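Comments concern the structure below.
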Amino acid sequence: MLRIKDHLRGLVVQALGDLGVDLSTVNFDVTEPARAEFGEFATNAAMVGAKVLGTNPRDLASRLVEQILNSSSPYLKGAELAGPGFVNFRLNNSWLYEDVSAALSMGVDGYGRSDIGKGKRLLLEFVSANPTGPLHLGNGWWASYGDSLGRLLAFVNYDVSTEYYVNDTGGQIRALGESLLALAKGEAVPEGGYSGEYVSTLARGYDGDLNDVTAAGKFASDKILVMIKESLSDLGITFDTWYSQASIEESGAVGEVVELLKANGAIEIQDGKSVFMATRYGDNRDRFLTKANGDYTYLAGDIAYHYDKLVRRGFDYAIDIFGADHQGQVPSLLGAMSALGCESSRLEILLGQMVSLQRGDEVVKFSKRKGNVVDLQEVTKEIGASAMRLLSLQTSIDRSSVVDLAVVTSKSMDNPVYYIQYAHARMAAIERMRIEREIPEPQIEDVDLSLLVHPRELELLKIQSRLDEVVSIAATERAPYKIVTWLRDFAGAFHGFYHDCSVLGDGPELTQARLCMVRGAQVAIKVALSLVGVEALERM
RNA sequence: GCCCUCGUAGCUCAGGGGAUAGAGCACCGGCCUCCGGAGCCGGUGGCGCAGGUUCGAAUCCUGCCGAGGGCGCCA
């Protein structure tokens with residue numbers, strides 16, 4: 001489909017060529033100016049070019065304008081030199097009308113798609129919270145992020161699989177088992193154990209050996225994993241695979257990977273323990289792979305797990321989403337993959353900054369061990385999956401955020417989900433009214449879209465036309481929140497249009513044109529809503 | 001002490017080399033004979049501080065200040 005910016009960029013390149021200027025090394029932009037009076041688009045080509053050529057930017061710009069005006073473009077109405085050397089483009093509206101046609105012909109499965117991923121296989125791992133307690137609100141935030149990122153990457157044609165790494169072995173599961181047994185025997189939970197209400201509940205249902213810590217740990221973590229799956233499912237999130245840490249340890253894969261590292265000369269033995277020479281790969285310290293008791297460390301298992309992803313299972317790319325509290329393990333993991341011969345670009349680790357909670361002015365402290373977490377499932381039940389997801393997707397994961405439970409649970413207009421869904425509901429309402437009033441269904445080929453000239457209409461169409469670029473950027477920057485930003489803009493433009501323009505009441509021809517526009521807008525908003533996993537409501 | 005993030009309006013956040021920095025909430029004031037007022041329109045109010053790079057800095061670099069996180073043979 002047409003990307004107007006690419007078209008204009010082509011005009012600039014052509015014009016520069018005609019001027020005999022080689023700017024192949026120069027990175028110029030075509031952007032939307034901040035102010036409408038500067039035209040629909042502008043380029044800074046003359047300013048960055050003048051620097052390279054050592055000429056005056058305004059001179060170069062005026063020659064550029066001359067060439068551009070000579071070119072034949074069906075969209076160009078005018079171009080002029082402005083400010084310090086910008087070239088501003090004036091366009092007729094046909095590019096906007098073509099976008100309406102594109103939305104209608106491509107529909108929700110095609111509009112906005114692109115081929116950035118080229119069908120490459122990508123494994124996206126996220127949440128992966130230990131099965132030692134129910135998911136809390138913070139888990140839900142990153143779960144929403146990961147799920148939406150997966151949808152985005154699939155939409156730009158990566159072959160995406162999602163995975164949850166289940167830490168179903170090790171000291172924390174042992175502590176869980178010990179806590180369960182203590183409660184089952186009516187004793188106090190040991191120091192550092194898990195004392196939440198859910199453990200007591202599980203203990204009452206435990207009918208296994210009261211002295212078998214391993215069995216108790218497995219019993220409890222299995223049950224908790226079911227709770228976790230439910231909690232995610234309530235948010236509309238499922239995973240393609242649930243990958244067991246125990247299974248990879250039992251398979252012997254960890255030892256094989258450690259041997260491979262040894263063969264690659266990346267390991268030294270210190271006091272009988274294997275140490276990965278991580279400092280050679282950019283880490284700030286070396287890392288133990290085996291403990292004094294002979295067990296493998298968590299890192300050893302993690303390296304084997306990622307080797308399994310990229311080599312054994314042969315994914316082209318793997319993306320992990322970690323909380324910032326796990327940033328310390330990033331360099332060692334990346335270093336190990338590099339030592340194993342995997343190109344570093346194939347493993348990408350995204351760090352989400354911490355989410356903290358407050359209720360009004362009061363900071364909410366929580367601890368999984370003590371059991372005073374804010375339960376994800378409870379909050380989701382209270383406000384709904386769509387509101388929950390949109391709240392968490394409003395902002396970049398690079399910024400630590402503060403969630404006010406008082407606001408979250410009040411269903412207030414602080415959650416823009418209602419504003420956005422209302423725009424879609426209004427579109428649906430227009431269609432219902434069309435049927436009720438027996439207005440004929442619009443046929444795009446018989447409709448004169450050039451009747452759409454109201455500023456509100458043009459504003460809506462301009463924002464709509466940005467969607468495919470926004471999708472591409474959101475996918476490549478791993479930034480689903482940019483979809484939400486677009487949704488707010490788009491919903492706002494629609495509400496403004498709806499307020500000022502009567503879709504069904506301004507004469508038959510205009511009604512038909514507006515019906516096409518609204519249907520196109522509905523395609524666009526549905527695409528964006530599905531990318532963030534928010535329901536497109538017909539009624540509210 | 002060292003390392004990683006982040007400081008934008010009263011609050012929550014967009015903008016991350018380009019022309020006069022935006023939105024929501026809050027506060028003040030307008031708009032319902034008309035497709036859904038969960039809406040629309042207007043107003044008040046801001047780039048942590050100091051240098052530097054650049055034709056141009058909220059944006060890039062350095063330092064300082066402030067917030068969060070990390071620096072286990074835990075996971």
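Note on naming: letters A, B, ... go to the chains in the order of the sequence lines (proteins, then strands), and numbering restarts at 1 for each one. Only a predicted model underlies this, so the values are computations on that prediction, with no experimental measurement involved.
Residue pairs meeting the salt bridge (Lys or Arg N to Asp or Glu O under 4.0 Å) criterion with at least one member in residues 42-51 of chain A: none, sequence neighbours excluded. For the side chain to side chain donor-acceptor pair (under 3.5 Å) condition, no pair includes a residue of residues 54-63 of chain A, sequence neighbours left out. Evaluation of the salt bridge (Lys or Arg N to Asp or Glu O under 4.0 Å) test over residues 278-306 of chain A, restricted to residues two or more places apart or in two chains, returns A/Glu268-A/Arg280, A/Asp283-A/Arg287. Under the salt bridge (Lys or Arg N to Asp or Glu O under 4.0 Å) criterion, the residue pairs touching residues 482-501 of chain A are A/Arg456-A/Asp500, A/Arg466-A/Asp489, A/Glu477-A/Lys482, with sequence neighbours excluded.
Base contact: A/Gln329 has a heavy atom under 4.0 Å from a base atom. Using a 4.0 Å heavy-atom distance criterion, A/Asp283 is classed as making no nucleic acid contact. Using a 4.0 Å heavy-atom distance criterion, A/Met433 is classed as a sugar-phosphate-only contact. A/Gly505 comes within 4.0 angstrom of nothing in the nucleic acid, heavy atoms only. Heavy atoms of A/Arg434 sit nowhere under 4.0 angstrom from any nucleic acid atom.
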Would you be so kind as to tabulate the donor-acceptor pairs closer than 3.5 Å made by side chains of residues 512-521 of chain A, with sequence neighbours excluded?
from, atom 1, to, atom 2, distance (Å)
A/Gln512, NE2, A/Pro440, O, 3.1
A/Arg514, NE, A/Glu457, OE2, 2.5
A/Arg514, NH1, A/Ser502, O, 2.9
A/Arg514, NH1, A/Asp506, OD2, 2.8
A/Arg514, NH2, A/Glu457, OE2, 3.1
A/Arg519, NH1, A/Glu441, OE2, 3.1
A/Arg519, NH2, A/Glu431, OE1, 3.3
A/Arg519, NH2, A/Glu431, OE2, 3.1
A/Arg519, NH2, A/Glu441, OE2, 3.3

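Remark: A/Asp222 pairs with A/Lys218 by the salt bridge (charged side-chain N to carboxylate O under 4.0 Å, His left out) rule, at least two apart or across chains. Considering only residues two or more places apart in sequence or on other chains, A/Glu250 meets the salt bridge (charged side-chain N to carboxylate O under 4.0 Å, His left out) condition with none of them. In this structure, the salt bridge (charged side-chain N to carboxylate O under 4.0 Å, His left out) partners of A/Glu37, at least two apart in sequence or on a different chain, are A/Arg35.
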Identify the pairs formed between an N or O of the protein and an N or O of nucleotides 8-16 of chain B at a distance under 3.5 Å, and give each distance.
from, atom 1, to, atom 2, distance (Å)
B/U8, O4, A/Arg399, NH2, 3.2
B/C13, OP1, A/Val402, N, 3.2
B/C13, O3', A/Thr395, OG1, 2.7
B/A14, OP1, A/Thr395, OG1, 2.6
B/A14, OP1, A/Ser396, N, 2.6
B/A14, OP2, A/Arg399, NE, 2.8
B/A14, OP2, A/Arg399, NH2, 3.1
B/G15, OP1, A/Tyr481, OH, 3.0
B/G15, OP1, A/Lys482, NZ, 3.3
B/G15, OP2, A/Tyr481, OH, 3.4

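Listed by residue number, the members of residues 420-427 of chain A with any heavy atom below 4.0 angstrom from RNA chain B are A/Tyr422, A/Arg426. Contacts between residues 511-523 of chain A and RNA chain B, defined by a heavy-atom separation below 4.0 Å, involve no residue at all.
Of the P atoms belonging to B/C41 and B/U59, the separation is 31 Å, rounded to the nearest Å. Between B/C40 and B/A67, the distance separating the two C1' atoms is 39 Å to the nearest Å.
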How does RNA chain B read in dot-bracket, base by base from 5' to 3', with Watson-Crick or G-U pairs under 3.5 Å and | used when the partner is on another strand? (((((((..((((....[...)))).(((((.......)))))....(((((..]....))))))))))))....
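Contact of the A/Leu176 side chain with the A/Ile224 side chain is registered, since non-hydrogen atoms from C-beta on lie closer than 4.5 Å.
No donor-acceptor contact under 3.5 Å links the side chain of A/Asp325 to the base of B/G70.
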